[in-house]
Amino acid sequence: MKNYFYHLTHLYEGSTIFWLFVLIWGFTGCERSGTVDHEKQMNVWIDSLDRNARKIGVKRAIQSFDSLTLTLGGLSLGDRMRYYKFMKVLSHRDSTLNENALAYTDSLLRLFPTNQIREQYPIEYSKALLLKGDDLLKQKRFYQAYRNYYHGKSFLSALGKTCECARYSSRIANISYNEENYYQAIEYWEHEMKELAECGQSGNFQLEFIEMQGALRNIGMAYLLLNDTDTALNYFQKAKVFINNHAAEFPKEKNFIKFANIVIVRNQAEAYALKGDMQTAERLVKSCLLHDDEIDWSIEVERESRQLLAKIYIETKQFSEAEAQLQILKTQPGTSNNAANAIMSQKMQASILYGQGRFEEAGKLLIASLEADRVAKLAKNVENRSDVGQQLQQVQREHEIELENEKDEREKLFLSFTILLSITLATIAYLIWRNARKSIVNLKAVTELNKVITKSNIVLQDTVNALEQSEIENEHVLKIVAHDLRNPIAAIISASHMVFWDETPSEEQGELISGIQLSAGKANTLISQILESTSDRERIAKSDVALQEIVQSCIDMLSHKASEKQQKLHYHYEPVTVPVDREKIWRVFCNLLSNAIKFSQSGSTIKINLQRQSDVVLLSVEDNGIGIPESLKDQIFLPLNNAKRSGTAGEQSYGIGLSICKQIVESHGGTIWFESKDTGTTFFVELPL
């Protein structure tokens, strides 16, 4: 007497109307699949087919759902979950499709290969485990079934999904009930009701209505079989009150709710009959046999009701009425194929014959029914006994062992991490101590090095002043500078980088080093620009290079300077290969971009454009800076000029960079020029292909 009405259908439109509905959805599916939510659309189909599967046939329902699902196009993971679950439900209703039902369950479980997907879809994963457990139970693989139930419930409990655990408690209770372990069944149904109380109001008819009233009714049936009729009637009344109080919340399920009330009334009739109140029992059971055209009638409930009515007639010695009920039962479909029903009919027929005084016939029939009953019980004990309590305890022990092993692994990992962290902290402490020890020595070394750099800067400034006296003398002096100063300056720069090669300087040391590097860098830049203005520039070594890569290299190198002034560099290019001296052309582009950054305001945008034009390539660097005044435009490309101006952030300028650019470009057979306004300047470089 379990919840055998869980999957009843409730719609009563004719098959013509239903197939019209299917055709409408089928023809519009392709058109609407891009705009209609798949989940809602599939739920509409599932609801309709679920209610009408008994009328049109399970196999036709499966074909319809398969065809409708194809109209959706690409199916998401959620779509495939809904597809396999409903296909499983439909196949489960037809005994000829048992293999298909098992395959659908396995396909559903394969959609959850990782813990990440399982935790993303916890409810769907737990339902898949539940279905697999049901399959294993039907195959009488009890231990594996209980493992699925237990692991599913543990998984949900760990995620705090208490409400969904009710399905598992219900399964275990039903198994215990079938094994006549009624007290254990009652315990698990009580667990189920506590878990269902955590569901809240989500509109889930299965959990919030069917499961709750089913648990109350099933507890009543367990007490009835324990011969505690008063407690049983109390739970039947609770179930009836629950149904009446919550019926209005589910208006679409009114037919099911009517049928649920009929089942409760039949259970009450059985309790009153066991209690000896045959008049009340007869009145109640007769009300169960009043057909309601709106209800999709259950043959099983009618059969049980007529069996109960026949028993009542036998107890009240109305043997002709009892025999009439037995005759009706024999005409019902499936009665002859059910051994339990056949044995029950034999026993009642024997009781009728005995009441009519036909003792010999009654005795033979009773003996035959008792023998059949004994054989059936032996077979049931051999096949179905699984000692659910013992096996659940074994599963629980195994689960606890698994948890202990996981805990040990975590503790080992934590211990390893702690040891590694301790070693790291000890190493850091040692390095700090060593650096502190060397800090005084390093500070003195940096101070002496700074003095050397300062003296070198004074010498360089005097040298620059001397270079301005004569262009001819410049050539001679530059050779001296190249040989006598460039190497010491390079050594100073290298030394400044190596002072703290293996340690981090203090803030004061860092400032001194930065001063040294800045001064030496300026000196080295000045010497490089001066050297580039010599006749050595005329000697170039051309090779085919990708010009866009040279420009990108300049941008990468100078992007940090632009970032310091919150400037943006927009680079657009066309790939082009040109025969040039890579190093010298790189200097030209870097000089132009450096000037654009130097003379542009903070937050402005600099545009670099490289494009191919027939037999030449044109590079432009456009800024929105301070522009070039008319008085300086004629001096920009002269080797010695008065066009030296500070940048927008006070950057120093030597005024010879553009003259070097002009000489390099012209040595490549190209041209360099500019266009300037009050608020910006664009430099152009044209090189032959």
Side-chain angles (χ1 to χ4, degrees), residues 3-30 32-33 36-73 75-111 124 127-128 130-132 134-135 138 167 204-206 210 250 252-260 293-301 333-334:
N3 293 340
Y4 41 72
F5 46 83
Y6 279 3
H7 298 294
L8 294 178
T9 55
H10 315 295
L11 275 183
Y12 295 91
E13 294 80 8
S15 59
T16 304
I17 296 175
F18 168 74
W19 282 108
L20 179 61
F21 167 83
V22 171
L23 287 173
I24 291 172
W25 277 104
F27 285 124
T28 59
C30 294
R32 303 178 62 186
S33 61
V36 178
D37 182 78
H38 282 195
E39 181 179 359
K40 292 180 181 178
Q41 190 162 320
M42 290 184 80
N43 286 343
V44 171
W45 295 337
I46 289 170
D47 183 62
S48 179
L49 288 169
D50 185 43
R51 294 170 184 271
N52 289 274
R54 182 171 294 180
K55 294 181 179 180
I56 67 173
V58 169
K59 292 180 180 177
R60 289 183 66 187
I62 289 174
Q63 291 173 357
S64 300
F65 187 61
D66 222 356
S67 300
L68 290 169
T69 304
L70 288 174
T71 65
L72 293 176
L75 298 181
S76 66
L77 181 59
D79 294 336
R80 284 182 283 161
M81 291 177 189
R82 284 184 286 276
Y83 172 80
Y84 287 129
K85 276 195 296 184
F86 188 56
M87 282 298 202
K88 163 71 176 180
V89 169
L90 290 176
S91 302
H92 182 67
R93 295 178 184 175
D94 189 332
S95 59
T96 64
L97 299 175
N98 285 338
E99 292 298 324
N100 299 49
L102 296 175
Y104 284 128
T105 305
D106 292 335
S107 297
L108 180 60
L109 273 172
R110 280 194 289 269
L111 297 179
E124 290 78 2
K127 288 180 180 177
L130 196 70
L131 291 173
K132 184 61 177 178
D134 293 345
D135 289 345
K138 283 187 175 182
R167 301 178 190 271
N204 189 321
F205 182 62
Q206 178 72 30
I210 294 179
F250 304 97
K252 293 183 179 180
E253 307 294 343
K254 61 180 181 179
N255 295 332
F256 175 85
I257 292 169
K258 285 181 182 180
F259 182 69
D293 292 337
E294 294 183 354
I295 298 176
D296 191 1
W297 191 253
S298 169
I299 295 298
E300 186 176 354
V301 172

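All residue numbers in this chain count up from 1 along the given sequence.
Between the OG1 atom of Thr69 and the NE2 atom of His38 there is a distance of 10.5 Å, given to the nearest 0.5 Å. Here the straight-line distance linking atom CG of Asp134 with atom CZ of Arg167 works out to 11.0 Å at 0.5 Å rounding. Considering OH of Tyr104 and CG of Leu109, their distance stands at 15.5 Å, rounded to 0.5 Å.
Judged as a side-chain contact (heavy atoms from CB on, under 4.5 Å), and not counting sequence neighbours, the contacts of Asp66 are Tyr83, Met87. Residues passing the side-chain hydrogen bond (donor to acceptor under 3.5 Å, both in side chains) test with Asn43, sequence neighbours excluded: none. For Thr105, the side-chain hydrogen bond (donor to acceptor under 3.5 Å, both in side chains) criterion is met by Lys88, Asp135, not counting sequence neighbours. Scored by the side-chain hydrogen bond (donor to acceptor under 3.5 Å, both in side chains) test, Ser67 finds no partners at all (sequence neighbours excluded). Every residue meeting the side-chain contact (heavy atoms from CB on, under 4.5 Å) condition with Ser76, not counting sequence neighbours, appears here in chain and number order: Asp79. Evaluation of the side-chain hydrogen bond (donor to acceptor under 3.5 Å, both in side chains) rule for Lys132 yields Asp106 as partners, not counting sequence neighbours. Residues that satisfy the ring-ring contact (aromatic ring centres under 6.0 Å, His included) test with Tyr84, not counting sequence neighbours, are absent from this structure.
Contact annotation: the side chain of Leu111 never approaches that of Glu124 to less than 4.5 Å [non-hydrogen atoms, C-beta and beyond]. Using a 4.5 Å heavy-atom cutoff, the side chains of Leu72 and Met42 are in contact. Met81 has its side chain out of reach of Lys127: every pair of non-hydrogen atoms, C-beta onward, lies at least 4.5 Å apart.
Between Phe205 and Phe256, the distance from one ring center to the other falls under 6.0 angstrom.
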(message) Checking Glu253 against Ile210 for the side-chain contact (heavy atoms from CB on, under 4.5 Å) test, could you report, in this order, the C-alpha distance in whole Å, the side-chain angles of both residues, the deciding distance, and whether it holds?
(response) CA-CA 11 Å; Glu253 307 294 343; Ile210 294 179; over 6 Å; no
(message) Please determine whether side-chain contact (heavy atoms from CB on, under 4.5 Å) holds for the pair Asn100 and Ile62, giving the CA-CA distance in whole Å, both sets of side-chain angles, and the decisive distance to 0.1 Å.
(response) CA-CA 11 Å; Asn100 299 49; Ile62 289 174; over 6 Å; no
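Scanning both residues, Val58 and Ser91, for their nearest heavy atoms gives CG1-N, 4.5 Å. For the residue pair Leu49 and Ala61, the shortest heavy atom distance occurs at CD1-O, 4.0 Å. Closest approach of Asp50 and Phe86 over heavy atoms only: N-CZ, 3.7 Å.
Of the possible polar contacts, none joining the Ser48 side chain to the Val44 backbone as a donor-acceptor pair under 3.5 Å is found. Distance alone, capped at 3.5 Å, is enough to place a donor-acceptor pair between the Thr71 side chain and the Leu68 backbone.
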